[in-house]
**Student:** 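Take a look at the following structure, please.
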Amino acid sequence: MPEADDVDEEEEMPLSLRLSIADTLTLGNATCGFMAVYFTTTGILIPHLTGSQESGMARHSAATAVILMLCAAVFDLFDGLVARKLRSSPMGAELDNLSDLISFGLAPAYFVLVYGMVADDAHQRVAAVGAIVVLLAVVLRLARFSCVTMKDGMFQGMPSPFGALTVVSIVLLELPFVATLLAILGTAWLMVSRVEYPKPRGRLAGAMLCWIVLSMGLLAAWAFDAPSGQLLLQTGCALQLVMGAVIPLFATARRVNNFRDNRREARAAQLP
């Protein structure tokens, strides 16, 4: 049995010495989410409230906020990979959920809220309801993730990073307000649905990382008003929405095919 002094020294160990590499990446995720809220406030909301007409500043700040959410997604991708390869502290799962709530719940919901305040055709109170729905969908999704055991390699419901990026893509597309709100609500529903999504591992993780880097490039081109930057951004946002709609269709088709195969096997087993 360890001596009492040894136990006291272990309990008094500084927090930084008990954090693993994966936990540090998770904290980077939370930091990016908080800074996304900061740039949304200082670069979009405050200039709007003070009557500033610097559209370039708002564009730069919006791009920076979304890029920070993309960086948070990169941290979220790598902290899981590092935790599987090395190790994570006992706090790892809790830190991951709390960080995801900031970066993929609060940050995109706040982005929607500010959109409802600054867009010409938006309705502030209705947009606030949409923002609350997004936040609660992420809260419910993360809570269910901690309680429900899924088969290996699959998520139940749209992953919160993918959902957050889909929500901000909908806002950046600058669709009519009603269409924007309906698309946001649909994304929130997918996050709490039972639709299965594959976990980003192996080649899928590499493809996801490439897509994030490409999205950052499109946002930078739009922020610096590059030739066809607006068109490139809208194309990237549209592709994000298409992926959000197509993946559930593939997942549903696969479940239907599996159900049919199981019925055929059951019938074959009953035959003499």
**Student:** Taking the side chain as everything from C-beta on, heavy atoms only, tell me whether C71 gets closer than 4.5 Å to M35.
**Tutor:** no
**Student:** Taking atom CZ as the centre, does F162 end up with more than 12 heavy-atom neighbours from other residues, nucleotides or ligands that are less than 6.0 angstrom away?
**Tutor:** yes
**Student:** Do side-chain atoms of T166 reach the backbone of L241 as a donor and acceptor pair under 3.5 angstrom?
**Tutor:** no
**Student:** May I ask you to test the L45-M117 pair for a side-chain heavy-atom distance under 4.5 Å?
**Tutor:**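 In contact.
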**Student:** Quick check against the 3.5 Å criterion: does R194 have a side-chain atom that pairs as donor or acceptor with the backbone of G157?
**Tutor:** no
**Student:** If two hydrophobic side chains count as joined below 4.5 Å and joins carry through other members, does M216 share a cluster with L77?
**Tutor:** yes
**Student:** For a quick check under 3.5 Å, do Q240 and W211 share a side-chain donor-acceptor pair by atom type?
**Tutor:**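 Result is yes, a qualifying pair exists.
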**Student:** Return the minimal non-hydrogen interatomic distance between G236 and L218, and the atom names on each side.
**Tutor:** CA-CD1, 3.8 Å
**Student:** Is any side-chain heavy atom of V66 closer than 4.5 Å to one of L172?
**Tutor:** yes
**Student:** Which value, rounded to the nearest 0.5 Å, describes the distance between D225 atom CG and H60 atom NE2?
**Tutor:**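 Spacing of CG (D225) from NE2 (H60) equals 8.5 Å.
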**Student:** Over all heavy atoms of both residues, which pair between A36 and M69 is shortest? Give the atoms and the distance, please.
**Tutor:** CB-CG, 4.1 Å
**Student:** Examine V178 and V126 and state if one hydrophobic cluster contains both, with Ile, Leu, Val, Met, Phe, Trp and Tyr joined whenever side-chain heavy atoms are less than 4.5 Å apart.
**Tutor:** no
**Student:** Return the minimal non-hydrogen interatomic distance between A73 and I212, and the atom names on each side.
**Tutor:** CB-CD1, 3.9 Å
**Student:** Could you grab the distance from atom OG1 of T40 to atom CD1 of I46, nearest 0.5 Å is fine?
**Tutor:**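 So the OG1 of T40 and the CD1 of I46 are separated by 11.0 Å.
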**Student:** Using the rule that Ile, Leu, Val, Met, Phe, Trp and Tyr join whenever any side-chain heavy atoms are under 4.5 Å apart, tell me whether L219 and M208 fall into a single cluster.
**Tutor:** yes
**Student:** For the pair R144 (side chain) and V192 (backbone), establish whether a donor and an acceptor sit closer than 3.5 Å, ignoring hydrogens and angles.
**Tutor:**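 Looks like yes, one N/O pair under 3.5 Å.
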**Student:** Check the hydrophobic clustering (I, L, V, M, F, W, Y; side-chain heavy atoms under 4.5 Å; chains of links allowed) and say if V138 and L135 are grouped together.
**Tutor:** yes
**Student:** What's the separation between atom CD1 in I67 and atom SG in C32, rounded to the nearest 0.5 Å?
**Tutor:**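 It is 11.0 Å, given to the nearest 0.5 Å.
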**Student:** Do we see a donor-acceptor contact under 3.5 Å between the side chains of N29 and D100?
**Tutor:**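 Result is yes, a qualifying pair exists.
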**Student:** Would you call F155 and E196 a side-chain contact if the rule is heavy atoms closer than 4.5 Å?
**Tutor:**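 With C-beta onward as the side chain, the pair stays apart.
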**Student:** If I compare all heavy atoms of S61 with all of G43, which pair ends up nearest, and what's the gap?
**Tutor:**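 Shortest heavy-atom contact: OG-CA, 3.0 Å.
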**Student:** Can you give me the closest heavy-atom contact between A223 and A63, atom names plus distance?
**Tutor:** CB-CB, 3.6 Å
**Student:** Going by heavy atoms in the side chains, are F111 and V167 under 4.5 Å from each other?
**Tutor:** no
**Student:** I need the L185 CG to L190 CG distance, nearest 0.5 Å.
**Tutor:**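 The CG atom of L190 is 11.5 Å from CG of L185, to the nearest 0.5 Å.
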**Student:** Run the side-chain contact (heavy atoms from CB on, under 4.5 Å) test on Y110 and T41 for me, step by step, so that the C-alpha distance in whole Å, both residues' side-chain angles and the decisive distance to 0.1 Å come before the verdict.
**Tutor:** CA-CA 9 Å; Y110 186 71; T41 303; 2.6 Å; yes
**Student:** Measure the shortest side-chain to side-chain distance between L98 and L142 over non-hydrogen atoms and say whether it is less than 4.5 angstrom.
**Tutor:** no
**Student:** Once you round to the nearest 0.5 Å, how far does CD1 of I102 lie from CG of L27?
**Tutor:** 9.5 Å
**Student:** Among N97, D79, D76, whose side-chain hydrogen bond (donor to acceptor under 3.5 Å, both in side chains) with T26 holds?
**Tutor:** D79
**Student:** Show, in sequence, the C-alpha distance, side-chain angles and deciding distance for M158 and T187, and conclude whether the side-chain contact (heavy atoms from CB on, under 4.5 Å) test is met.
**Tutor:** CA-CA 8 Å; M158 179 183 286; T187 303; 3.9 Å; yes
**Student:** Between D23 and D96, is there a side-chain heavy-atom distance shorter than 4.5 Å?
**Tutor:**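 Of all side-chain heavy-atom pairs linking D23 with D96, none is under 4.5 Å.
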**Student:** State the SG-CG distance between C237 and L175, to the nearest 0.5 angstrom.
**Tutor:** 9.5 Å
**Student:** Go through V112 and L181 one step at a time and tell me if the side-chain contact (heavy atoms from CB on, under 4.5 Å) criterion holds.
**Tutor:** CA-CA 9 Å; V112 172; L181 182 64; over 6 Å; no
**Student:** Within 45 degrees of the axis of the six-membered ring of F224 and under 6.0 Å from its centre: does R59 put its NZ or CZ there?
**Tutor:**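 So R59 doesn't make the cation-pi contact.
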**Student:** Heavy-atom distance under 4.5 Å between the side chains of F34 and L68, does that happen here?
**Tutor:**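 The answer is no; the side chains never approach within 4.5 Å.
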**Student:** Please name the pair of heavy atoms, one in M191 and one in R141, separated by the smallest distance, quoted to 0.1 Å.
**Tutor:**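 Taking M191 first and R141 second, the nearest heavy atoms are O-CG, 2.9 Å.
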**Student:** Could you state whether F104 and V171 fall into the same hydrophobic cluster, counting links through intermediate Ile, Leu, Val, Met, Phe, Trp or Tyr residues with side-chain heavy atoms under 4.5 angstrom apart?
**Tutor:** no
**Student:** Anything under 30° is parallel, anything over 60° is perpendicular, the rest tilted; go ahead and classify F177 against H123.
**Tutor:** perpendicular
**Student:** Yes or no on side-chain contact (heavy atoms from CB on, under 4.5 Å) for L209 and F78, after CA distance, side-chain angles and deciding distance?
**Tutor:** CA-CA 10 Å; L209 183 60; F78 278 101; 3.9 Å; yes
